[in-house]
S.K.: 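The structure under discussion is supplied below as structure tokens; questions concerning it will follow.
Just so it is clear: chains get the letters A, B, ... in the order the sequence lines come, proteins before strands, and each one is counted from 1.
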Protein chains: 2
Amino acid sequence: MTTRWLTPEEQRAWRAYVAGYLLLEDAIDRQLQQEAGMPHLYYSILANLSESPERRLRMTDLAESLKITRSRLTYAVTRLEKDALLRREDCRWDKRGSVAVLTEEGMAMLERLAPGHVETVRAGLFDRLTPEQVGQLEEIFTQVVGGFQDDGEALPEELPWRRRSSGCSGSP
Amino acid sequence: MTTRWLTPEEQRAWRAYVAGYLLLEDAIDRQLQQEAGMPHLYYSILANLSESPERRLRMTDLAESLKITRSRLTYAVTRLEKDALLRREDCRWDKRGSVAVLTEEGMAMLERLAPGHVETVRAGLFDRLTPEQVGQLEEIFTQVVGGFQDDGEALPEELPWRRRSSGCSGSP
DNA sequence: GGGTCTTGGTTCAAGTTTGAAACAAACCTA
DNA sequence: TAGGTTTGTTTCAAACTTGAACCAAGACCC
């Protein structure tokens, strides 16, 4: 089959989108870099941990939830651990595994950074959108994310009862 | 003033958006990397040049149009030049300037890559959206981009008649 | 003309990302 | 239970990005 090129509408949308996310990411990265010497992803790691039960998550689950590679996560976590914002612990039920745990310092850092970060996200995005557009944005990207889930796993949750829970909770 | 946190709707939209663009960028990068050993940005540089008059653009204009730093562009252009996909020429009207010019090889490469690239963008994004959503996406990100224009330049086009054209066209 | 400021572009070191390869533990199967 | 496969994670080198510092060359100003 011959290529289905983008329609003019799609082209315009694509260009706007690419320009927009570059500007937005840039603004966010710059803000966090200034405030804490840390890029957006690293903030997201801390934020993600802070919302998990006991503020801990297995590496693979964290990577999956953040949509990044394990290797990328390893590097980031090593750095954050060096900064004492989180620590690694061995998973007691699976000796291969390791879990990242947010430290008190990490939590404090997050609380310090959150207002400025939110402000940047607002200024760059939400303050420019109507409530309807916020809904549209969610809908659009939920569909996008959903699309990739299907691709990756062929049959999502093929064997639900075998899915290991992220596990490794409970204090040491 | 106390922080205006994100509403639940905004939070959901933000999460979906961040996850979505990571997956999308990843898919696009991976596809181009496989096909041509080149990340998305490098493809965009070639594409951008191919659409300019005489397939040439000044570095600064190119950087601005792509929303990236000059330094990042310098690095990318150096690499692409090494691959003979474009070449640098001196700007004759401004001895500081240099222009990137798409070569025949570059154009050929672009034509080879375009179908697969479009297919990836379609599969990841447009095939999952209704025509209305395409319009919404454009609207949303056009507003986002617009927002940043204002920030950067205070008064956009403050002195329109002084705006230098990208210039440096015409064959050597 | 000779400062001074701005603009266009590159360079450099430090930090990050990538994908493939390496490892080790866990799981399976005969 | 030994051998083979899968899974969880790290390591490594190569590529890319970042921001600050730098070097011209234009522009402005007296």
S.K.: Kindly point out which of D:dT9, C:dG8, D:dT17 is positioned nearest to the side chain of B:Y42?
M.R.: D:dT17
S.K.: I need the A:M59 CE to A:R96 CZ distance, nearest 0.5 Å.
M.R.: 14.5 Å
S.K.: Among all residues two or more places apart in sequence or in another chain, which pass the salt bridge (Lys or Arg N to Asp or Glu O under 4.0 Å) test with B:E25?
M.R.: none
S.K.: Just to confirm, is there a sub-4.0 Å distance from OP1 or OP2 of C:dG9 to any side-chain nitrogen or oxygen of B:R58?
M.R.: yes
S.K.: Using the rule side chain to side chain contact (heavy atoms under 4.5 Å, CB included), only one of B:L137, B:V121, B:V134, B:L129 pairs with A:E10; which is it?
M.R.: B:V134
S.K.: For the CG atom of B:L24 and the CD1 atom of B:I28, what is their distance to the nearest 0.5 Å?
M.R.: 4.5 Å
S.K.: Output the rounded distance in Å from CG (B:L80) to P (D:dA15).
M.R.: 14 Å
S.K.: Give a yes/no on whether any side-chain N or O of A:R79 is located under 4.0 angstrom from OP1 or OP2 of C:dT16.
M.R.: yes
S.K.: Report the distance from atom CH2 of A:W93 to atom P of C:dC27, rounded to the nearest whole Å.
M.R.: 14 Å
S.K.: Can you tell me the distance, in whole Å, between the CG atom of B:L73 and the C1' atom of C:dG8?
M.R.: 12 Å
S.K.: Not counting sequence neighbours, which residues clear side-chain contact (heavy atoms from CB on, under 4.5 Å) with A:A108? List them please.
M.R.: none
S.K.: When the distance from CZ of B:R70 to P of C:dT7 is rounded to whole Å, what number comes out?
M.R.: 10 Å
S.K.: Indicate yes or no: at least one non-hydrogen side-chain atom of A:L46 is less than 4.5 angstrom from one of A:M38.
M.R.: yes
S.K.: If you find the nucleotide of DNA chain C closest to A:L41 and the one closest to B:R88, which residue's nucleotide is nearer the 5' end?
M.R.: B:R88
S.K.: B:T74 near the nucleic acid: base, sugar-phosphate alone, or nothing, with a heavy-atom cut-off under 4.0 Å?
M.R.: base
S.K.: Atom CG of B:L22 and atom P of C:dT17: how far apart are they, to the nearest Å?
M.R.: 10 Å
S.K.: Tell me: CD of B:E64 to P of C:dG9, nearest whole Å?
M.R.: 11 Å
S.K.: Can you say whether a donor on the side chain of A:R96 sits under 3.5 Å from an acceptor on the base of D:dT9, or the other way round?
M.R.: no
S.K.: Provide, to the nearest angstrom, the distance between the CG atom belonging to A:D61 and the P atom belonging to D:dG8.
M.R.: 9 Å
S.K.: Find the distance A:D94:CG to C:dA25:P and express it as a whole number of Å.
M.R.: 11 Å
S.K.: If a protein heavy atom is under 4.0 Å from the base, mark B; if only from the sugar-phosphate, S; if neither, -; do that for nucleotides 18-23 of chain C going 5' to 3'.
M.R.: BB----
S.K.: Would you check if the side chain of B:Q133 reaches a backbone N or O of A:Q136 as a donor-acceptor pair within less than 3.5 Å?
M.R.: no
